[in-house]
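Please read all numbers here as calculations on a predicted model, not as lab measurements. Protein chains get the first letters and strands the later ones, always in sequence-line order, with residue 1 at the start of each. Quick note: numbers below take in every heavy atom, side chains included, and nothing from hydrogens, waters or symmetry partners.
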There are 2 protein chains.
Amino acid sequence: MSGSNAVAKSGAKSGAGSAELVQALVAGGELTDPDSPRGRLLNAAARLFVEKGFARTTVRDIAAEVGILSGSIFHHFRSKEAILCQVMREVTTFARARMEQAVTRERSPRGRLRACILCELEAIHGRAVPGFTILVSEWRSLSPESQKQVLRLREGYEQLWREVLADAGRMDDPALARRLLQGALSHSYNWYRPKRQGLSLDELAGQVLSLFARQGAA
Amino acid sequence: MSGSNAVAKSGAKSGAGSAELVQALVAGGELTDPDSPRGRLLNAAARLFVEKGFARTTVRDIAAEVGILSGSIFHHFRSKEAILCQVMREVTTFARARMEQAVTRERSPRGRLRACILCELEAIHGRAVPGFTILVSEWRSLSPESQKQVLRLREGYEQLWREVLADAGRMDDPALARRLLQGALSHSYNWYRPKRQGLSLDELAGQVLSLFARQGAA
DNA sequence: AACGCTACCAAGCAAGCGCTTGGTTATCAA
DNA sequence: TTGATAACCAAGCGCTTGCTTGGTAGCGTT
């Protein structure tokens, strides 16, 4: 929970917007500068992977998105899969930093759980963490070695979730609760449409919270 | 979609086993005979789609699985996507019939909900409904027209779920509950391993039930 | 002016893809 | 015996894919 990473070192205040958080992570070398050619490629790839899926996105698509030719991509990345891997790494890093920030702001255990839920929902649906859904939907497109790399980064994120869950209620098994929650939340990408339903992300987070923690501990 | 040999294992509960159900549906023209060449192709395709995903499965893979050459597939199906579509249609048909059977056996609302959860878990993890996970994981691989076809069949399955949910507790919104539940259950495909954890599907169903319906209506 | 470096282009290769074509074999009914 | 039909083979076509190669324009440094 105590951020011993570049975020804290860079002095990111609790209330900093996404722009500042990104800046801090870029400065700490944990994220690629989104204004660099490489960063632009990563962002374009993330968007396309979300939109069409990894297999149906070609390197020509990605290249066209940033206005270069397909071959030029391989000046920046060793392979198409390396792009996916790096996207996942950076998405994970950013999502974790963002959730740490959100959790720190809350005082009550239940408030922290709600913050986590909302945080992940925003990552899935908003533009808060572009490419977040890929972590689930394209997981099997990664080679086992790449999976290990991402998993190592992911562990901190999941650890935070589990701590918050364990604090927030009398769940027999926080790890199980997290898994069910992750499935429920990530699947919402397939049906939640903020305009069509009259349901904001914040309200949805509340509904999820009340379903998963009815007895309302703490 | 159930192979004739997969039945014996899963027919532990009371009532008609899967074999009889498949037979009845085949006789009714709702399912392709799994022993026909076309049926064998559908089964092989379903297995491969689950295992490697639709995009990474080639028609040559499917053909090799049943011992024919790739070109011969197109004697039975118009396109690769038509295979996916048909797999999804038959999986949906079978899963619905199976769940109706399971629900009818139960007397209490809570028992019916539990039966639905277990039923879907068995569809996801067991060999009860091979290819069930594709309905979620490969949904976007279908063309819009094919999606409509499958959706029409799916509607009955979802309707049944919603009725059971509405009966089983004081959920404000059965449709929302179903969606969260569907995400949670289908995601379990990515982490649940019956051998590694000491957790049976039946126990998992119980855990899910108690998390989602804590106040224990009915 | 010469260098080194980053970022990119132009062209295309080898492999793999879904799918087509024309023909062969086995089965079975009339 | 003939003819129809289902099931499949053998060969390969046209296209797309990820990726490679060799070269160049621009820029800051020395």
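- Contact check, S72(A) against dA7(C): no side-chain N or O comes under 4.0 Å of OP1 or OP2.
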(Q) Before you tell me yes or no, could you show the steps for R112(B) and E163(B) under salt bridge (Lys or Arg N to Asp or Glu O under 4.0 Å), namely the whole-Å CA-CA distance, both residues' side-chain angles and the distance that decides it to 0.1 Å? (A) CA-CA 10 Å; R112(B) 280 194 287 273; E163(B) 283 169 16; over 6 Å; no
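- Here E122(A) pairs with R98(A) in a salt bridge; the nearest charged N to carboxylate O distance falls below 4.0 Å.
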Q: Would you please test L181(A) and V208(A) for side-chain contact (heavy atoms from CB on, under 4.5 Å) and show each step?
A: CA-CA 9 Å; L181(A) 214 31; V208(A) 172; 3.7 Å; yes
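- Rounded to a whole Å, the CG atom of D61(B) is 11 Å from the C1' atom of dG16(C).
- Going from atom CZ of R56(A) over to atom P of dG18(C) covers 13 Å, rounded to whole Å.
- Distances from the side chain of S70(B) to the nucleotides dC8(D), dG18(D), dC19(C) place dC19(C) closest.
- Nucleotides of DNA chain D nearest to R38(B) and G71(B) differ in position, and the one nearer the 5' end is that of R38(B).
- The nucleotide whose nearest atom lies closest to any side-chain atom of F74(B) is, among dC9(D), dG18(D), dC19(C), dC19(C).
- For the OP1/OP2 pair of dC8(C) and a distance below 4.0 Å, the side-chain nitrogens and oxygens of H76(A) include at least one atom meeting the criterion.
- For H75(A), whose side chain is taken as the heavy atoms from C-beta onward, the closest listed nucleotide among dT6(C), dA6(D), dA10(D) is dT6(C).
- Ion pairing between a basic and an acidic side chain is recognised when a charged N comes within 4.0 Å of a carboxylate O; E155(B) and R96(B) show no such pairing.
- Among the nucleotides dG18(D), dA7(D), dT20(C), the one closest to any side-chain atom of R60(A) is dG18(D).
- In this structure, the NZ atom of K80(B) is 12 Å from the C1' atom of dG16(C), given to the nearest Å.
- Spacing between atom CD1 of I73(B) and atom C1' of dA11(D) amounts to 17 Å, rounded to whole angstrom units.
- Atom CG in L69(B) sits roughly 17 Å away from atom P in dG16(C) (whole-Å rounding).
- Among the protein residues, S79(A) comes within range of the sugar-phosphate backbone only, with heavy atoms under 4.0 Å from sugar or phosphate atoms but none that close to a base.
- Distance R78(B) CZ to dT21(C) C1': 19 Å, rounded to the nearest Å.
- Taking only side-chain atoms of T58(B), from C-beta outward, the nucleotide of dA7(C), dC17(C), dC9(C) with the closest atom is dC17(C).
- Salt-bridge annotation for K52(A) and D61(A): present, with a side-chain N of the basic residue lying under 4.0 Å from a carboxylate O of the acidic one.
- Between I83(A) atom CD1 and dT17(D) atom C1' the separation is 14 Å, expressed in whole Å.
- Counting to the nearest Å, the C1' atom of dC17(C) and the CZ atom of F54(B) are 12 Å from each other.
- Residue-level contact check: S36(A) touches neither bases nor backbone, having no heavy atom under 4.0 Å from any strand.
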